[in-house]
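Structure record follows, encoded as structure tokens.
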Amino acid sequence: MTDSVLHFYGAAGSVTGSCFVLEHRGTRTMVDCGMFQGSKTEKELNYRPFPFDASLVDAVILTHAHIDHSGLIPKLVKAGFEGPIHCTPATLDLCSIMLQDSGHIQESEVEQLNRRHGHRSRDTLQPIYTAEDARAAMMQFRAVAYKEWQRLEGGLGFRLWDAGHLLGSASVEIELATENGTIRILFSGDVGPQHKLLEARPDAPKDFDYVICESTYGDRDRDEVSDVARREQLREILLKAYHPNGALLIPSFAVERTQELLADINVLMDAGEISRCPIVIDSPLASRATAIFKQHAHSIPNGDLLIKALSAKNVRFTETAEQSKAIDLIRGFHIIIAASGMCEAGRIRHRLKNWLWRDEGTVLFVGFQAAGTLGRILEDGARTVKIQGEEIIVRATVRSLDAYSGHADASELKAWIDAREPIRSGLFLVHGEPAARDSLKSRLLVEKPEATIIVPSLDDSYSLTKTAAVPLARGTPPPRLVPQDVGHSDWHNDYQSIVLDLEERLRQTADRKARAVILRRVKRAIEEDGRPS
């Protein structure tokens with residue numbers, strides 16, 4: 001095959017699982033190898049084999065350390081990949097802790113599942129990878145500085161540009177040497193907003209044949225948020241959350257979001273805008289990530305504010321399980337920042353279990369919540385949820401604040417795309433749920449109705465010529481998921497919702513006879529649905 005081919009093996013119709021493979025002159029270069037998050041249907045993809053032979057991938061270029069971009073690299077190495085993994089020095093540092101933490105989570109979650117499966121005589125599972133697998137994968141990482149051209153086999157050159165999303169995050173500029181001239185491609189990675197406490201504004205060149213751009217917030221515009229305005233919004237939430245016997249829980253990504261919040265809360269406390277109270281960072285990963293941020297503080301905007309916050313006497317980090325459990329003994333109002341940011345794993349689930357049922361608790365979401373996650377379910381107003389098999393009535397106040405988002409909003413994405421013009425042959429929109437991608441596409445076409453904008457589905461492939469992206473016919477194996485199963489809640493979410501609604505209805509029913517009537521109706525509906533038509 002003489003044409004270059006781009007495969008979309010993740011982040012196509014959803015915001016997770018970022019993974020693209022570029023075939024060129026007999027070589028295969030992967031951009032990102034991320035873990036799927038969201039509904040159980042999507043997360044199950046993490047356990048299935050890759051839709052390609054890992055041993056045939058020649059190199060990986062990693063945009064940044066977030067697990068939805070890096071989280072399956074240990075699995076890739078375990079499956080036979082032996083090539084280099086190119087990324088910025090800060091991304092290498094962060095991956096050294098984040099991938100091991102992810103491996104520990106895989107081991108812990110599988111151990112719990114296997115205990116439950118043992119009681120039900122189900123097959124045991126193996127973790128996607130272990131912490132040891134993650135440590136082994138780090139041997140293949142190679143640090144690359146921003147703006148320095150690198151040459152790979154097959155006439156492929158690349159360089160990295162600051163994406164302004166996370167410490168070390170990058171957009172990837174690629175040049176492919178072909179018989180008809182050089183094809184220029186830009187992978188956006190995750191694009192940061194214009195105002196971010198610990199990041200510079202995103203940077204990248206212009207004039208491309210193809211741009212592959214994220215669209216996470218393609219359907220929403222935030223009010224322009226300066227440092228002062230962002231802190232004012234946070235101050236109002238903190239004041240409303242205050243209760244003498246209460247707590248503010250902030251589910252937060254352990255890397256950068258936690259550090260930003262800590263710095264801003266400390267600024268407000270130093271200024272007397274809010275009363276000083278205990279701030280507990282309940283995440284060993286956040287503790288290790290913070291140490292890396294301290295190492296890079298000299299090159300981080302506002303790094304001095306973070307250093308000052310870390311020296312505050314009211315700030316505590318937990319490491320051991322015993323220290324984490326001791327948080328429940330704190331008396332008086334306090335703030336807990338804990339991972340994971342979408343409430344799918346980690347210590348935040350224990351904190352939610354302890355506080356969701358209390359009127360004096362507040363939960364504050366400060367990041368994107370993928371469809372099907374516990375975070376999205378709470379954000380959407382669920383009155384009852386299940387955590388670790390236990391039904392919990394939601395009495396706590398649930399708030400959201402998107403001023404800390406690490407993603408550009410729709411207007412910022414449009415401005416970033418406009419600054420990359422001309423984009424001669426095609427703009428691919430990825431890393432967004434269907435509504436967000438469609439909204440951003442519509443917005444872009446208003447000013448440029450002739451633009452070629454493509455919204456690929458999972459496992460789609462395109463031949464990239466100098467003039468056009470040509471979709472390739474689907475062969476075998478078929479796509480792992482149909483578009484309707486990507487970027488949406490699934491039947492597992494629907495089932496849990498029905499079970500919780502049924503339990504609530506039975507609880508509110510006056511007597512045993514009335515409850516029996518409800519159960520007979522449910523049973524009849526199930527039996528009728530199972531009869532042949």
Side-chain angles (χ1 to χ4, degrees), residues 6-11 16-24 27-36 46 50-103 106 128-154 156-163 165-175 185-190 212 255 288-289 292 296 431:
L6 179 58
H7 303 276
F8 293 85
Y9 290 131
T16 67
S18 182
C19 182
F20 314 103
V21 174
L22 183 61
E23 291 188 52
H24 180 66
T27 64
R28 294 170 178 82
T29 304
M30 177 181 287
V31 176
D32 288 347
C33 188
M35 186 172 285
F36 289 92
N46 297 319
F50 288 112
F52 51 83
D53 186 339
S55 67
L56 297 180
V57 176
D58 295 283
V60 172
I61 306 171
L62 180 58
T63 63
H64 63 287
H66 279 150
I67 291 301
D68 62 320
H69 291 256
S70 71
L72 290 187
I73 284 177
K75 177 183 175 181
L76 186 74
V77 172
K78 193 175 176 182
F81 169 67
E82 297 180 342
I85 302 161
H86 303 282
C87 63
T88 64
T91 294
L92 190 156
D93 289 344
L94 290 174
C95 280
S96 70
I97 61 170
M98 294 179 72
L99 293 180
Q100 285 191 59
D101 182 75
S102 177
Q106 312 314 317
I128 303 166
Y129 56 86
T130 65
E132 182 60 35
D133 294 328
R135 284 190 287 273
M138 292 307 303
M139 298 296 293
Q140 293 170 227
F141 276 67
R142 304 287 184 268
V144 175
Y146 286 123
K147 300 183 181 180
E148 291 187 4
W149 280 104
Q150 309 293 319
R151 299 294 168 184
L152 304 181
E153 294 182 10
L156 184 150
F158 78 91
R159 59 178 170 172
L160 305 179
W161 295 84
D162 191 344
H165 169 72
L166 172 74
L167 180 66
S169 64
S171 298
V172 182
E173 177 186 5
I174 290 178
E175 289 188 348
I185 305 172
L186 182 68
F187 290 84
S188 72
D190 286 353
I212 296 87
V255 180
R288 292 191 289 273
I292 290 175
H296 291 269
H431 204 284

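Worth saying up front: this structure is predicted, and the values here are computed from it rather than measured.
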List the steps, then state whether side chain to side chain contact (heavy atoms under 4.5 Å, CB included) holds for H86 with L152. CA-CA 11 Å; H86 303 282; L152 304 181; 3.6 Å; yes
Could you check whether Q100 and S96, counting side-chain N and O atoms only, form a donor-acceptor pair closer than 3.5 Å? no
Nearest 0.5 Å, please: how far is [atom2] in [Y] from [atom1] in [X]?
X	Y	atom1	atom2	answer
F50	L72	CZ	CG	5.0 Å
I73	M30	CD1	CE	8.5 Å
S70	L92	OG	CG	11.0 Å
L166	T88	CG	OG1	8.5 Å
R28	L56	CZ	CG	5.0 Å
L160	L62	CG	CG	9.5 Å

Side chain to side chain contact (heavy atoms under 4.5 Å, CB included) for H296 and D93? Distances and angles first, verdict last. CA-CA 10 Å; H296 291 269; D93 289 344; 3.0 Å; yes
D101 and R288: side chain to side chain contact (heavy atoms under 4.5 Å, CB included), yes or no, with the steps? CA-CA 10 Å; D101 182 75; R288 292 191 289 273; 3.8 Å; yes
Closest non-hydrogen atom pair between [X] and [Y], with its separation:
X	Y	result
M35	T16	O-CB, 3.8 Å
T91	S169	OG1-N, 4.3 Å
D32	H64	OD1-N, 4.4 Å
L167	A90	CG-CB, 3.7 Å
V77	A137	CG2-CB, 3.9 Å
E148	R159	O-CB, 3.6 Å

Kindly indicate whether the side chain of W161, heavy atoms from C-beta on, has any atom under 4.5 Å from the side chain of K147. yes
I need the full list of ring pair (Phe, Tyr, Trp, His ring centres under 6.0 Å) pairs touching residues 129-153, with sequence neighbours left out, sorted by first then second residue. none
Is there a side chain to side chain contact (heavy atoms under 4.5 Å, CB included) between I85 and L76 once you walk through the steps? CA-CA 11 Å; I85 302 161; L76 186 74; over 6 Å; no
Less than 6.0 angstrom separating the ring centers of Y9 and F20, yes or no? no
Please state whether the rings of H66 and H165 are parallel, tilted or perpendicular, taking 30° and 60° as the class boundaries. perpendicular
Between H24 (side chain only) and G154 (backbone N and O only), is there a donor and an acceptor less than 3.5 Å apart? yes
So if I apply the side-chain contact (heavy atoms from CB on, under 4.5 Å) rule between I212 and each of I174, V31, L6, which one comes out positive? L6
